[in-house]
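Below is one structure, written out as structure tokens, with a few remarks after it.
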Amino acid sequence: MAESNADPAPASGRAAEAPPQTKKDALAALQAALALAEQRRIEAERANAAKSRFLAHMSHEIRTPLNGVLGLTELALRVAESPEQRRFLETAHQAGQALLRMINDVLDLSRIESGETELRPRDFEPTEVLADAMRTLMPLARQRDLLLVFDWVGEVPWVHGDDGALRQIAINLLGNAIKFTERGQVTLTTSAPMLADGRVQLTVTVADTGPGVPPPRRADIFKAFVQGDDSLARGHGGAGLGLAIAARLTEAMGGRLELDCPPAGGSVFTRSVPLPAAPAPAGSCPELRESPGRIWLIYGRPPGGTWLAANLTRQGWQPEVIYGLSAAVAHAQSVPAPDAVVVTGQVLVPGADLAPLRAALPQTPVRLVVRPEWHDQDIEAQAQALQLPLHLAPVTPAMLRCLLAPDAAQAAPREAPPPQWRDGAQVLLVEDNPVNQLVGAEFLRALGLGVRVAADGAAAVVCCLDVAPDLVLMDLQMPGVDGLEATRRLRALQREGRWRGAPILALTANATAADRADCFAAGMDGVLVKPLSLRTLREALTPWLGA
């Protein structure tokens, strides 16, 4: 009888089963999984800490020499004599600013991805914030011969939110549009319709006449380090961080950022966020009446004024575009005077004479609207003598409201007036880098302040005890006694009554939140992040040294 090779069937008639896992084995497996997860968490935290240290170090090492580059370029622009010199220096300054924006973008993205985004809400007027963002990029748009258009639809009330985040989002969207638009224009439009719950839907749209985003890349366009064209042959610089930061900030504010590429071409980025409405502050110019009146827009050549005239028509104005100052003067002799006049920078060329226009329209509010980089001392002197206020482009609702409110405060001048310091105000600059010593000292002298320089923290303490300054600008990373330790020593001497005390402001290339916290813990009163400009330094010192 032949033997069978088949395995005998189990007595129960069912397939054989593995013995059930014991509770002890299950517990061991769970503990092993938890231990592995904890290990992965620790590794991730270490990697994140290493990344933060690397970014902080690289930020410091790049910002320190960049402070010298930008500072010396700004000082050279103040004494440049020829247009050619100014052009070269302005181009160098713009290149340095582009590098600074790149550094800031990397740090901003790192903070956002680490969950460190902190919104700082306050009341603000959206159109003024957005116009200021556009002014930042006007020199870049002019360099590329692009038209920048600022528009608003309907009434845009004051709102309560983070104006700094809105400004950064607008700058990133505008910068992206300018970069990828070879010719034509970039338009920023905002609206704020009222919602059923009493809030407003603040919507900002940035549209360009560029090539648009290829369909395969649209799904990833808001990811970090992604651009519309990632090929080796792409003709645009940048790291692809601007849109990623704009999207994440918009999400942090409870809104959304969307992309549309119309069939006609170009790209349209729309950012929409619901925000509480806020009351306009007391003293602001009143809302325009239903029919504001007739307004002349004086441009240099067609088609200038077309888009602004269309906007003003929507606002209830009766605009008329006139090309050239002489044409405006002749027109004033044959028709009734308008209710207001806007003179644009196109006609404010060297040799322009504003006196005939003022004589032809002696009672009419006239405003000169110029680009931020515009500069002509002769025309500015004329404008001041003829009481023709200068405003920064673009035209905003606030400026139009104030045109017909002669008793209201006029817009701030194009440059802040020289600050009034306390008599004999002295600043101690503590800085170990020779180039930054030069920049800091010359900035302070340009502001009309006395200055002494100490090369390290120990020397700073000696200088303060020798001749007490009115304010100390303290670098952080210095050999020997660093800025934090020097501040702690000075505050200890102050508590002991051996030093009268003074405001101490950190002057540092370290820009992290932890660095700021360390500065305040050591006894500092404020933090200035390199690279500095004359404007930021003046604004920082005024609360402490103003008369």
Ignoring hydrogens and angles, state whether a donor on the side chain of T187 or Q185 is under 3.5 Å from an acceptor on the partner side chain. yes
Applying side-chain hydrogen bond (donor to acceptor under 3.5 Å, both in side chains) as the test, list every pair that has at least one member in residues 203-214; sequence neighbours left out. T203-S272
Side-chain contact test, heavy atoms from C-beta onward, threshold under 4.5 Å: evaluate it for Y299 versus V347 and give yes or no. no
Using side-chain contact (heavy atoms from CB on, under 4.5 Å) as the criterion, list what pairs up with R122, not counting sequence neighbours. D163
A80: partners by side-chain contact (heavy atoms from CB on, under 4.5 Å), with sequence neighbours left out: Q85, R86, L89
Taking the side chain as everything from C-beta on, heavy atoms only, tell me whether F150 gets closer than 4.5 Å to V395. no
Closest approach of M134 and V149, non-hydrogen atoms and distance? CE-O, 3.4 Å
Among residues at least two apart in sequence or on other chains, which ones pass side-chain contact (heavy atoms from CB on, under 4.5 Å) with L438? L72, E442
Do D132 and R167 touch side chain to side chain, with heavy atoms closer than 4.5 Å? yes
Could you tell me whether E125 and R401 make a salt bridge, using a distance below 4.0 angstrom between a side-chain N and a carboxylate O? yes
Taking the side chain as everything from C-beta on, heavy atoms only, tell me whether I295 gets closer than 4.5 Å to E320. no
Which residues share a side-chain contact (heavy atoms from CB on, under 4.5 Å) with P139, sequence neighbours left out: Q94, E373
Side-chain donor/acceptor pairs under 3.5 Å, residues 250-265, sequence neighbours excluded:
residue	atom	partner	partner atom	Å
T250	OG1	A246	O	2.7
R256	NE	E258	OE2	3.1

Just checking, any donor-acceptor pair under 3.5 angstrom between side chains of S533 and E74? no
